[in-house]
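The structure appears below as structure tokens.
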Amino acid sequence: MFESAICQIIFYVFAALAALCAIGVVAFRNPVASAMNMALSFGFTAAILFGMGAQFLGIVQLIVYAGAILVLFLFVVMMLDVKAEEHSGLMPMVVGVVVASIFAGIVTHVALHLPGAQDGACPVITACENIDALAVTDTPKAETAAPQQTGFGGSLPQLDSKAANQAANPGMRPEAAAAATGYPDVKLLGKTLFTQYNIAFVILSFALLSGTVGAVALARKIRKD
Amino acid sequence: MMDAILNWCDNLLENDIWFYLITTVIKLVLMFAVILAFVVLSVWIERRVAGWIQDRPGPNRAGIPLTLFKRYGSKEKQPLKNVLHYFGIPETCWIAKLCTWLKLDRDIPTFGLMQPCLDGGKLFLKQENTPSYVRKIYFIIAPMLVLGPPMVAAAVVPFASSASTCWGDINMVVANIGIGPLWIFAISGLSVYGITMAGWSSNSKFPFLGGLRATAQLISYEVAMGLSIIPLLMMFGTLNMQDIVSNQAANGWTLLPLWGEGLSLQRWALMVPMVLSFIIFVTCVFAEANRTPFDMAECETDLVGGYHTEYSSMKFASFFMGEYAAMVIGSALVVTLFLGGWSIGFGADEALHAWCDWVAVICQFLMFIIKLLAFIFFFVWVRWTLPRFRWDQVMKLGWLVFLELAVANIFLTAAILYFIK
């Protein structure tokens with residue numbers, strides 16, 4: 001009971017901080033302050049993911065977004081004349097509010113249409129209850145890999161790591177599976193991405209690659225001679 | 001009374017949560033102390049090795065001068081002579097000669113170890129000068145962002161195997177999480193914010209150029225660094241650092257597969273991609289730690305001083321502490337992934353564990369420290385051997401050579417794992 005209360009408090013504190021920093025991103029007039037707020041927001045989101053046991057997703061959030069993409073943002077933003085940005089007129093503000101509200105609308109729409117959202121249940125729990133439908137594990141032990149208790153207190157799922165470890169590595173010795181700590185989220189994620197969603201994954205990679213090639217083609221100066 | 005206290009401690013440790021908390025705090029303090037001590041120590045190693053390589057003494061004095069104290073210090077009445085006289089040892093015997101050779105007759109010898117400490121004291125006492133034109137908040141946050149991340153990143157580095165006590169097992173790593181190397185990449189990747197912030201908030205041209213260079217370099221080499229260890233992860237099949245090291249202890253270090261399953265044909269065929277990935281990884285660690293030949297961000301011949309030009313006193317020192325901490329963490333990572341981490345090797349780990357857990361843990365900890373020191377020595381050796389690269393060469397090496405090599409290496413490893421059984 002005591003532990004679950006602490007987990008709940010931690011979750012809500014991080015969620016509130018993430019939301020606060022997200023507001024800061026649009027509220028600050030100084031673009032560097034906005035970028036730093038965004039970095040903080042990514043960090044708090046990663047903390048929430050860590051708390052849920054999705055360590056890999058959390059760390060990818062940090063490496064890819066906070067560590068690489070946002071640094072590139074900062075790179076560009078620092079070239080700007082910050083003083084001029086701070087004193088810019090009403091127009092950028094209006095545009096910002098419109099874009100932010102559109103995004104907020106999209107997020108609300110998605111949240112309301114997640115499974116179980118209409119009945120007031122937590123979407124994550126509903127998704128985990130239907131874990132067989134997700135077909136993350138395809139061994140007979142899959143049912144034991146389903147969540148047995150809830151982490152982060154009562155409202156978010158925690159997965160049975162030992163059973164899941166065995167399910168994810170059929171060849172693993174039982175004692176090794178018992179010793180393995182943490183949920184094998186890297187393995188499960190990889191397995192899902194490279195089996196069930198393989199085609200979508202490859203298509204997405206090609207889309208990104210063509211984007212990169214296009215950017216290089218546009219940015220390259222064509223010599224006259 | 002004593003019994004009551006012992007009973008209370010016993011009850012406290014019986015509780016799983018308290019046991020976990022207490023052991024974690026102890027490990028945390030130990031790890032932190034080791035890293036901070038190594039920051040000071042690596043400054044000393046740097047200077048001693050620099051002196052040695054350049055054929056000069058380097059810092060070897062800065063002892064505690066006994067000559068200051070009148071009573072012992074005058075030339076005729078040296079402390080060593082007094083002591084020898086007290087024990088009735090003649091001044092020409094080998095003990096006296098050894099003491100003279102160790103310079104025990106003059107000062108209490110510290111072999112120059114006091115020098116980094118005095119340097120720290122000097123930097124603390126210097127005047128703190130913040131220019132009026134800087135952006136204050138970011139200017140103050142930047143040094144913290146450089147020093148903090150390497151300390152946090154150390155949490156996943158295992159410094160010994162596990163020991164069992166009557167209350168439960170203690171795993172000798174602060175955070176035994178399933179994403180070890182990624183954690184280090186993610187957290188030490190955050191220190192790029194500190195350098196960028198420092199360059200930008202200084203509000204002057206050369207620091208800004210230094211900051212931009214550092215950002216570009218760190219991002220470029222992070223890519224190759226991440227890709228270069230994938231062959232290793234394919235071989236071990238796990239991301240947990242403690243598991244990786246246990247595997248090496250049982251089956252041969254990554255670069256020295258001489259016992260256990262390491263003697264198989266597959267492991268020896270895998271040596272080719274492993275050596276390749278070792279070379280790429282070590283070079284990237286040099287670039288990430290901003291060390292020569294990749295110290296573009298503080299290249300004083302181009303940039304006055306680099307991103308820290310406007311800093312003074314302890315803020316300036318914390319940039320350097322951060323750099324040395326990054327070097328220590330980088331060395332620890334290389335040692336853990338490629339050189340067997342804490343493992344003593346040749347089956348000695350298991351034998352020691354069978355004899356006594358705690359002896360094994362202490363030996364492994366010492367082994368880890370020795371390997372770490374050896375690699376830090378290598379860092380310094382390279383610094384005084386190779387000249388600095390040109391900026392465009394650095395970028396070319398990162399994007400055109402290492403990235404392609406790392407990707408090709410992944411395919412090579414996959415082919416070996418698939419075809420050679």
Side-chain angles (χ1 to χ4, degrees), chain A residues 2-3 6 28 30-33 35-36 38-40 42-43 46-47 49-50 53-80 82-83 86 161 164-165 168-169 171-172 176 179-190, chain B residues 16-17 135 137-138 141-142 145 149 152-153 156 162 169 171 173 175-197 199-203 208-209 211-220 222-223 225-226 233-234 237-240 242-243 246-247:
Chain A
F2 173 68
E3 288 163 55
I6 284 194
F28 273 104
N30 183 338
V32 176
M36 289 313 284
M38 205 164 177
L40 279 179
F42 285 148
L49 287 169
F50 276 128
Q55 293 173 340
F56 184 73
L57 285 184
I59 214 75
V60 163
Q61 176 93 5
L62 278 183
I63 293 180
V64 175
Y65 289 101
I69 292 181
L70 207 72
V71 175
L72 286 179
F73 270 28
L74 211 61
F75 213 83
V76 176
V77 161
M78 281 177 177
M79 306 272 195
L80 300 172
V82 173
K83 285 270 154 53
E86 273 174 350
S161 58
N165 264 312
N169 316 299
M172 206 171 185
T181 47
Y183 193 70
D185 58 336
V186 184
K187 280 206 166 105
L188 291 183
L189 197 74
Chain B
D16 277 347
I17 296 172
R135 297 178 174 95
I137 303 169
Y138 302 108
I141 294 175
L145 276 178
V152 181
V156 295
S162 64
D169 285 357
N171 205 339
V173 50
N176 190 20
I177 52 176
I179 43 165
L182 296 181
W183 169 266
I184 294 188
F185 292 160
I187 300 298
S188 58
L190 293 183
S191 63
V192 69
Y193 280 105
I195 295 178
T196 323
M197 283 279 125
W200 176 75
S201 68
S202 294
N203 212 353
F208 185 58
L209 278 177
L212 285 187
R213 276 186 173 194
T215 319
Q217 178 184 318
L218 291 185
I219 292 182
S220 311
E222 230 162 56
V223 178
M225 191 172 176
L233 301 177
M234 285 162 83
T238 174
L239 272 166
N240 185 316
Q242 187 67 277
D243 289 353
S246 315
N247 204 329

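Below, read A as the first sequence line, B as the second, and so on, with proteins coming before strands; counting in each chain starts at 1. Computed from a predicted model, the values in this text were never measured in an experiment.
- Chain B forms more heavy-atom pairs under 4.5 Å with one residue of L70(A), L72(A), V64(A) than with any other, namely L70(A).
- Comparing E222(B), M197(B), Q242(B) by how many heavy-atom pairs each has under 4.5 Å with chain A, the most go to M197(B).
- Contacts between A46(A) and chain B at a heavy-atom distance below 4.5 Å are absent for every atom of the residue.
- Looking only at heavy-atom pairs under 4.5 Å with chain A, the residue among L182(B), I187(B), L190(B) that has the most is L182(B).
- Two residues are said to be in side-chain contact when any heavy atoms from C-beta on lie closer than 4.5 Å; N240(B) and N176(B) meet this criterion.
- Side chain of Y193(B) to backbone of A66(A): a donor-acceptor contact under 3.5 angstrom is found.
- With a 4.5 Å cut-off on side-chain heavy atoms, Y138(B) and N203(B) do not count as touching.
- Crowding of Y65(A) atom OH: a count of heavy atoms from other residues, nucleotides or ligands under 6.0 Å not exceeding 12.
- A heavy-atom distance below 4.5 Å is not found between the side chains of F185(B) and L62(A).
- Proximity to chain B (any heavy atom under 4.5 Å) is shown, for I59(A), by both the backbone and the side chain.
- Both the backbone and the side chain of L212(B) come within contact range of chain A, judged by heavy atoms closer than 4.5 Å.
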